[in-house]
Amino acid sequence: MLNNTQDNAPTRSALLDESVWEKSTFNGRWRSTRESLIVTEPATGERLGSVGACAPADLDEVVAAARNGQTQWAAWTAEQRAALMRRAAAILEQDREAIIGMIIRETGGVRGKAEVELQGTIDELIHSAAILIGPEGHLLPGTHPARLSFARRVPIGIVGVIAPWNFPMLLAMRSVAPAVALGNAVILKPDPQTPIVGGALLARMFELAGLPEGVFSVVNGGADVGEALVTAEGVRMITFTGSTAVGRRVGELAGKNLKKVALELGGKSPFIVLDDADLEAAASAGAWGSFLHQGQICMASGRHIVQRKVAADYLALLAAKAKALPIGDPYRQQVAIGPIINDRQVARVQQIVDDSVAAGAALLAGGTHEGRFYRPTVLGDVKPGMPAYGLEIFGPVAPVVIVDDEEEAIRIANDTEYGLSAAVQTGSLERGLRVARRIRSGLMHINDQTIHDHAGIPFGGTGASGNGSRFGSPTNWDEFTEWQWMTLSSEPARYPF
Ligand code: NAD
C-alpha cells in the first residue's frame with residue numbers, strides 16, 4: 001500500500017545532502033560563511049540551492065590549509081593515493097541518477113549531456129589512479145662510478161583550478177583528479193552559476209573518500225576570488241578553462257607572479273564538408289556539432305565550410321534537422337535543446353544572428369527565442385567580416401560558408417585566431433588526410449564532427465584556444481609535476497680546494 005509518510009520518503013544520500021554546503025565552503029572541513037551564493041535553474045529561473053560565498057581575503061586561510069594538507073598527502077604511497085581516487089569514483093557511481101539530475105538542472109543540458117559529463121568525471125578519477133602505476137622518473141647515465149644520478153617527478157605543490165559552467169563537473173575534474181593523484185593540493189574555483197555540481201559535490205566526494213584535510217578546497221565567487229587565487233602566494237600553478245578574454249588576464253597575472261599556467265580557452269572550430277561526402281551523415285554530424293548543449297561547448301562546430309557543388313543540398317538537410325529538434329526544459333521534458341545559461345548570453349546570440357542577417361547572411365532556420373530557449377539556427381551565405389563568421393557564438397547557431405575547392409576550404413578553416421578542434425567530411429580518406437594535415441588545430445577528426453573528449457587523450461588547443469597545455473593521461477605527468485634531478489654518492493665528493 002502506498003502512503004506519503006516521512007518513513008517512506010527516499011533517504012538523502014551522504015553525497016547529495018545539500019544542508020552540508022548551502023551556507024558553507026570547504027577547505028578540508030566545512031566552514032560556514034557570512035554570505036551565500038544563490039544558484040538558479042536556467043530552464044525555470046527558480047532557485048535550485050545555494051553554497052557559501054567566499055571573499056578574496058579568505059584565500060590566506062585556504063592556502064595555509066592546502067600547504068599542510070599537501071605535505072601529508074605527498075608522503076602517501078602511489079598505491080594509497082590510487083586507492084583513494086578509485087574510492088572517489090565509486091562514491092559518484094553510487095549516486096549516478098541523482099547526480100545526473102543535478103547536472104541537468106544546474107547547467108540546463110539534456111540528459112545525454114549530463115550522462116556523458118558524469119561518466120567523463122568518473123573516468124578522470126579512474127585514469128588518474130591508473131597513471132600512478134607508471135614509473136615516476138628515470139635513471140641517468142652517471143659521470144662518476146660511485147654516484148647514482150636520477151630524475152624524478154615531484155608534485156608542483158598547490159594547484160589552483162578555475163572552471164567554467166558549461167561542463168562544470170568534468171572540466172574541473174580533468175585538472176583536479178590528476179593534480180590530486182600526483183600529490184598536489186588543489187584549490188578549485190567553480191563558476192558562480194554552477195557551484196554545486198562544479199564544486200560542493202566534488203568536495204563532499206573527496207571528504208567521504210577520506211582525502212586528508214586541506215588537500216582539496218573550494219572557493220566560491222566570481223572574478224575577484226578568481227584573481228585572488230591566481231595571485232595568492234603559495235599557489236604555484238593555475239589551470240584555467242574559460243573564455244579567451246579572461247584567459248589572457250589570467251595568463252598575464254600568472255606570468256607576473258611567476259606561476260606555471262595552463263589555459264584552455266575558446267574556439268571557432270571548422271567543420272568541412274567536401275563534395276564527395278555522405279551528405280545525410282554530414283548534416284547529422286554538423287547539427288550535432290553546432291546544437292549539442294545549445295552550442296555552449298568550446299569545441300562546437302563554429303563554421304560549416306561546404307563545397308559549392310553540394311551546398312544547396314547540405315543546407316536543406318541541416319535546416320530541416322534544426323527545425324525538427326524539440327526544445328524545452330530538459331529535466332521535465334524529453335527534448336534535444338535546453339535553455340541558454342543566462343539572459344545576457346541569449347541577447348548576445350541574438351545580436352550576432354541579427355547583425356549577420358543584416359550584413360547579408362540567409363536565415364534558413366531559427367533566429368528567434370522564447371525566453372532562454374533559443375531555436376536551433378542555420379545561417380547560409382556567411383562571409384568574412386560578418387559577426388557569425390568571426391566570433392565564438394556559444395549558442396545553437398550553425399554559420400555556413402560556401403567554398404569552391406579544397407584550397408579555399410583550408411584557407412577559411414585556418415582564417416581564425418583559434419585552433420581547438422576541426423573536422424572534415426569526405427568519401428575519400430586520402431582527401432581527408434590531405435586537408436586535415438594542413439589545418440591548425442589541437443584536435444582533428446576525419447568523417448566526424450568537432451566535439452570529442454575523453455580522459456585518455458591529449459586535450460588542448462593552439463593559438464587563442466590555449467597556451468599549449470594538454471590534459472589527459474599520460475600528458476598529465478607533464479602538466480602536474482616538475483622534474484627534480486638527484487644524485488647519490490656512497491663516498492663524500494672531494495674537490496681541489
Ligand atoms: P569565463 O572566462 O567568463 O569564466 C570562466 C571562469 O573564470 C569562471 O569560473 C569565472 O568565474 C572565472 N573568472 C572570470 N573572470 C576572472 C578573472 N578576472 N580572473 C580569474 N577568474 C575569472 O568563461 P565562460 O563564459 O564561463 O565559459 C565559456 C568560455 O569558456 C567559452 O569561450 C568556451 O569556449 C570556453 N571553454 C573552453 C574549454 C576548453 O577546454 N578549451 C572548455 C569549456 C569552455
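All ligand and atom numbering here is 1-based and tracks the order in the structure.
Residue contacts with ligand 1 for Phe240 involve side-chain atoms from C-beta outward but no N, CA, C or O (heavy atoms, distance under 4.0 Å). At a heavy-atom cutoff of 4.0 Å, ligand 1 is contacted by no atom of Leu229, backbone or side chain. The side chain of Glu392, and not its backbone, has at least one atom closer than 4.0 Å to an atom of ligand 1 (non-hydrogen atoms only; side chain from C-beta on). At a heavy-atom cutoff of 4.0 Å, ligand 1 is contacted by no atom of Ile297, backbone or side chain.
Partner of Gln119 under the side-chain hydrogen bond (donor to acceptor under 3.5 Å, both in side chains) criterion, chosen from Arg96, Glu124, His454: Arg96. Applying side chain to side chain contact (heavy atoms under 4.5 Å, CB included) to Arg348 and the options Gln351, Gln345, Gln350 leaves one that passes, Gln345.
Applying the 4.0 Å criterion to heavy atoms of Thr241 picks out, from ligand 1, the atoms 5 (C), 37 (C), 38 (C), 39 (C), 40 (O), 42 (C), 43 (C). Listed by number with element, the atoms of ligand 1 under 4.0 angstrom from any heavy atom of Asp191 are 8 (C), 9 (O), 10 (C), 26 (O). Using a 4.0 Å cut-off to heavy atoms of Ile162, the atoms of ligand 1 that qualify are 6 (C), 7 (O), 9 (O), 12 (C), 20 (C), 21 (N). Below 4.0 Å from some heavy atom of Pro192 lie the following atoms of ligand 1, by number and element: 11 (O).
Among the atoms of Val250, none of the N or O lies under 3.5 angstrom from an N or O of ligand 1. For ligand 1, one of its N or O atoms has an N or O atom of Ser243 under 3.5 Å away.
Between Ile187 and Ile158, the closest side-chain pair of non-hydrogen atoms falls below 4.5 Å. Counting only heavy atoms from C-beta outward, the side chains of Gln294 and Val349 never approach each other to under 4.5 Å. With contacts defined as side-chain heavy-atom distances shorter than 4.5 Å, the pair Thr241/Arg174 qualifies.
Distances shorter than 4.0 angstrom occur between a heavy atom of Phe459 and an atom of ligand 1. The shortest heavy-atom distance from Ala163 to ligand 1 is under 4.0 Å. The shortest separation from a heavy atom of Arg174 to ligand 1 is under 4.0 Å, placing the residue in contact.
In this structure, CD1 on Ile238 lies 10.0 Å from CG on Leu263, to the nearest 0.5 angstrom. Atom-to-atom distance recorded for Ile103:CD1 and Ile196:CD1 is 12.0 Å, nearest 0.5 angstrom.
Summarising the contacts of atom 14 (C) of ligand 1 with Leu171, Val246, Leu420, the nearest heavy atom is found in Val246.
If you check the side chains of Thr416 and Arg303, you find no donor sitting under 3.5 Å from an acceptor.
In this structure, the side chain of Asp191 engages the main chain of Gln193 through a donor-acceptor pair within 3.5 Å.
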